[in-house]
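For reference, the structure is listed below as structure tokens.
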Amino acid sequence: MRYPLASLLTGGLAATLLPGAVIAQEIGSTAPRVFADDPEYASRAEEYGNFRLIAGGEARIEYDDNVFAQPVAGASDAVVRVSPYAELSHDGGQLSVRLRGSLDIRRHASETSENSEAARVQLQSGLALGQGQQLSSQASWDRSVEDRGDPEARSQLLLGPRRFDIFTGGLAYRRTSARYLASLEANAQKVDALDAIDADRDYTSYFGQASFGLRPGGSFYVVASSFANRREFRLEEIVPGVDRDSTTYGGKLGIQFADGGAFEGRIAAGVFKFDPDAALQNTRTGFSLDGSVSYRPRRRTAVSLELFKGDVASFRGGASARTDTRIGLRLEQEMRHNFLGRVTAGYQRSDFFGSGQEERTWRTGAELEYLVSRNASLVASVRYATRDSDIALEEFERFSAGVGVRFRF
């Protein structure tokens, strides 16, 4: 609910579920939950006093058999992607700081209208206050490029994908002990579409959440949370007299695993209420789900589950609101100390209230990474997606495959 654009979702399944995200892959990132950072392949970062600098990137060539995600006769193309990154960090004493920048440059052989440059700059900081207390902050700028397979992607082929500037900032406080945990967080996000014709998609959202958990014993906490999300559009009334601003709030109950065990992450379920400002629109209550859990049955294997169900921003004509349901599964395997693999599968359903429309998308993918040295690795990947919809023009099948090299200095 706090992330209004699918292309901003992060986590273990982002590479497969969200091909439009900014992804600057590092060596070992095919299976980061099991890659043990073997000393032979460990990064030797540059040290500048108390600061640490790492830099690298990825260069690959991909084949996409349906560039525009069309229902029939999709155009195929070769795509060159270059994704450099750099990160400067400080981690010592009570204060930790991390500044990271990345690019994702795409160049198509034939469909040059799809060429794009995505980017991200992110600053994170943490301050240890003692007695299990932590204060953290983050601020970021994203140049996000819409993927043609997104639920509400641009249908005009010659205009290219939509581009957004997204500014995010937030604060969080957390206190953890052997018996309980408590946390507060708040963030704001401004979404600005670059093209004037997409001004109806400009909005600002404000999110807040409070959580409290008790540890009944074992390696997890039982956590109760309450949250609220306010969404305000720059163009409030596209249809005269119909205000698009809204507030979503609710509560969840779930579990959060303590660090260091076979399970990591959290999962929670509850209810949310969508409350539009427009007097003619009805409020709506729905089931809320949020989870990201990893399980390591052994050192070389990790299984991850990502779950989400909740209210997201919608711009489709005739729809007053949209609810997404997302399920993702990921298997990571270290086959040898220098040979990593992953397999992913995902499902997404988008329900458009007011129009009665529904879309269902299934995705699967696999990737292999061979570590040549501490400075380079070879990667190969495949992805497949299919979507069915109440609108025939929204359906598609899409296959892509690529090979590349990851490097670091």
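Remark: side-chain polar atoms of Asp192 are not paired, donor with acceptor, to backbone N or O of Ile166 under 3.5 angstrom. Remark: side-chain polar atoms of Ser125 are not paired, donor with acceptor, to backbone N or O of Arg98 under 3.5 angstrom. Panel note: side chain Asp390, backbone Glu358; a donor-acceptor pair is recorded below 3.5 Å. The main-chain N or O of Glu152 is never found under 3.5 Å from a side-chain atom of Asp150 such that the two would form a donor-acceptor pair. The closest donor-acceptor contact from the side chain of Asp77 to the backbone of Ser110 lies under 3.5 Å. A donor-acceptor distance shorter than 3.5 angstrom exists from the side chain of Gln94 to the backbone of Ala128, with no hydrogens or angles considered.
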Point to revise | From CA spacing to verdict: side chain to side chain contact (heavy atoms under 4.5 Å, CB included), Tyr206, Asn229 | key: CA-CA 6 Å; Tyr206 306 92; Asn229 186 62; 5.9 Å; no
Point to revise | side-chain hydrogen bond (donor to acceptor under 3.5 Å, both in side chains) assessment of Gln348 paired with Thr361 | key: CA-CA 5 Å; Gln348 177 171 328; Thr361 305; 6.0 Å; no
Check your understanding: Would Phe233 and Asp200 satisfy side chain to side chain contact (heavy atoms under 4.5 Å, CB included), going step by step from the backbone distance to the final call?
Key -> CA-CA 8 Å; Phe233 289 85; Asp200 64 311; over 6 Å; no
Point to revise | Working for side-chain hydrogen bond (donor to acceptor under 3.5 Å, both in side chains), residues Glu394 and Ser389 | key: CA-CA 6 Å; Glu394 298 288 340; Ser389 171; 5.8 Å; no
Check your understanding: Which is it for Ser381 and Arg60 under the side-chain hydrogen bond (donor to acceptor under 3.5 Å, both in side chains) test, yes or no, and what are the steps along the way?
Key -> CA-CA 10 Å; Ser381 62; Arg60 66 162 61 204; 2.7 Å; yes
Point to revise | Derivation and outcome, side chain to side chain contact (heavy atoms under 4.5 Å, CB included), residues Glu62 and His108 | key: CA-CA 10 Å; Glu62 298 179 339; His108 288 67; over 6 Å; no
Practice item. Any chance you could lay out the side-chain hydrogen bond (donor to acceptor under 3.5 Å, both in side chains) test for Glu232 and Thr204, step after step, and finish with the verdict? Key: CA-CA 5 Å; Glu232 298 180 349; Thr204 302; over 6 Å; no
Review point. What's the verdict on side chain to side chain contact (heavy atoms under 4.5 Å, CB included) for Thr30 and Glu367, showing C-alpha distance, side-chain angles and the deciding distance?
Key: CA-CA 7 Å; Thr30 290; Glu367 182 170 283; 2.6 Å; yes
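Among all heavy-atom pairs drawn from Ala119 and Trp141, the shortest one is CB-CZ3, 3.8 Å. Between Arg322 and Pro151, the shortest heavy-atom distance links the atoms NH2-CG, 3.4 Å. Between Ser76 and Asp65, the closest heavy-atom pair is CB-CA, 3.7 Å. Here the shortest heavy-atom pairing between Ser288 and Lys252 reads OG-CD, 3.7 Å. The two residues Ser246 and Pro276 have their closest heavy-atom pair at CB-CA, 3.8 Å. The minimum heavy-atom distance between Ile27 and Arg374, with the atom names listed, is CD1-O, 3.7 Å.
A distance of 4.5 Å separates CZ in Arg266 from CG in Asp290, rounded to the nearest 0.5 Å. Note that the CZ atom of Phe207 and the OG1 atom of Thr248 stand 10.5 Å from one another [nearest 0.5 Å]. Atom CD in Glu26 sits 10.5 Å away from atom CZ in Phe35 (nearest 0.5 Å). For the atom pair CZ of Phe220 and CG of Leu214, the computed distance is 11.5 Å after rounding to the nearest 0.5 Å. For the atom pair CG of Asp311 and CG of Asp351, the computed distance is 12.0 Å after rounding to the nearest 0.5 Å. If you take CZ on Phe287 and OG1 on Thr325, they are separated by 9.0 Å, rounding to the nearest 0.5 Å.
Salt bridge Arg143/Asp165: present, at least one basic N to carboxylate O contact under 4.0 Å. Ion pairing of Asp198 with Arg163 is absent here, as no side-chain N (NZ or NE/NH1/NH2) approaches a carboxylate O to less than 4.0 Å. Under a 4.0 Å N-O distance rule, the pair Glu359/Arg387 qualifies as a salt bridge. Salt-bridge formation is not detected for the pair Arg231/Asp277: no Lys NZ or Arg NE/NH1/NH2 atom is positioned less than 4.0 Å from an Asp or Glu carboxylate oxygen. Looking at Glu332 and Arg342, no side-chain N of the basic residue comes within less than 4.0 Å of a carboxylate O on the acidic one, giving no salt bridge. Under the 4.0 Å criterion applied to side-chain N and carboxylate O atoms, Asp324 and Arg326 are assigned as salt-bridge partners.
Using bins of under 30°, 30° to 60° and over 60° for the plane-to-plane angle, the ring pair Phe51/His90 lands in the tilted bin. Using cut-offs of 30° and 60° on the angle between ring planes, the pair Trp362 and Tyr347 is tilted. Classified by interplanar angle (parallel below 30°, tilted 30° to 60°, perpendicular above 60°), the ring pair Tyr63/Phe399 is tilted. Ring orientation note: the planes of Tyr295 and Phe263 are close to parallel, at an angle under 30° on the 30°/60° scale.
Looking only at side-chain heavy atoms (C-beta outward), Gln124 and Arg100 stay at 4.5 Å or farther from each other. Taking the side chain as every heavy atom from C-beta outward, Asp64 and Arg398 approach each other to under 4.5 Å. In this structure, Arg148 and Glu114 have side chains that are in contact, with non-hydrogen atoms separated by less than 4.5 Å. Thr323 places a side-chain heavy atom less than 4.5 Å from the side chain of Phe353. You'll find the side chain of Thr168 stays beyond 4.5 Å of the side chain of Gln122, heavy atoms only. Within the 4.5 Å cutoff, side-chain heavy atoms of Ile197 are placed close to those of Arg154. Side-chain contact between Val405 and Glu58 is absent, with no heavy-atom pair separated by less than 4.5 Å. In this structure, Tyr221 and Phe212 have side chains that are not in contact, with every pair of non-hydrogen atoms separated by 4.5 Å or more.
Side-chain polar atoms of Arg106 and Ser116 form no donor-acceptor pair below 3.5 angstrom. Defined by atom type and a distance below 3.5 Å, a donor-acceptor pair is missing between the side-chain atoms of Asp275 and Thr283. In this structure, a donor-acceptor pair under 3.5 Å is absent between the side chains of Gln134 and Tyr173. Judged purely by distance below 3.5 Å, without hydrogens or angles, the side chains of Gln25 and Tyr85 never pair a donor atom with an acceptor atom.
In summary, of the residues considered (Arg299, Arg298, Arg33), a salt bridge (charged side-chain N to carboxylate O under 4.0 Å, His left out) with Glu334 occurs for Arg299 alone.
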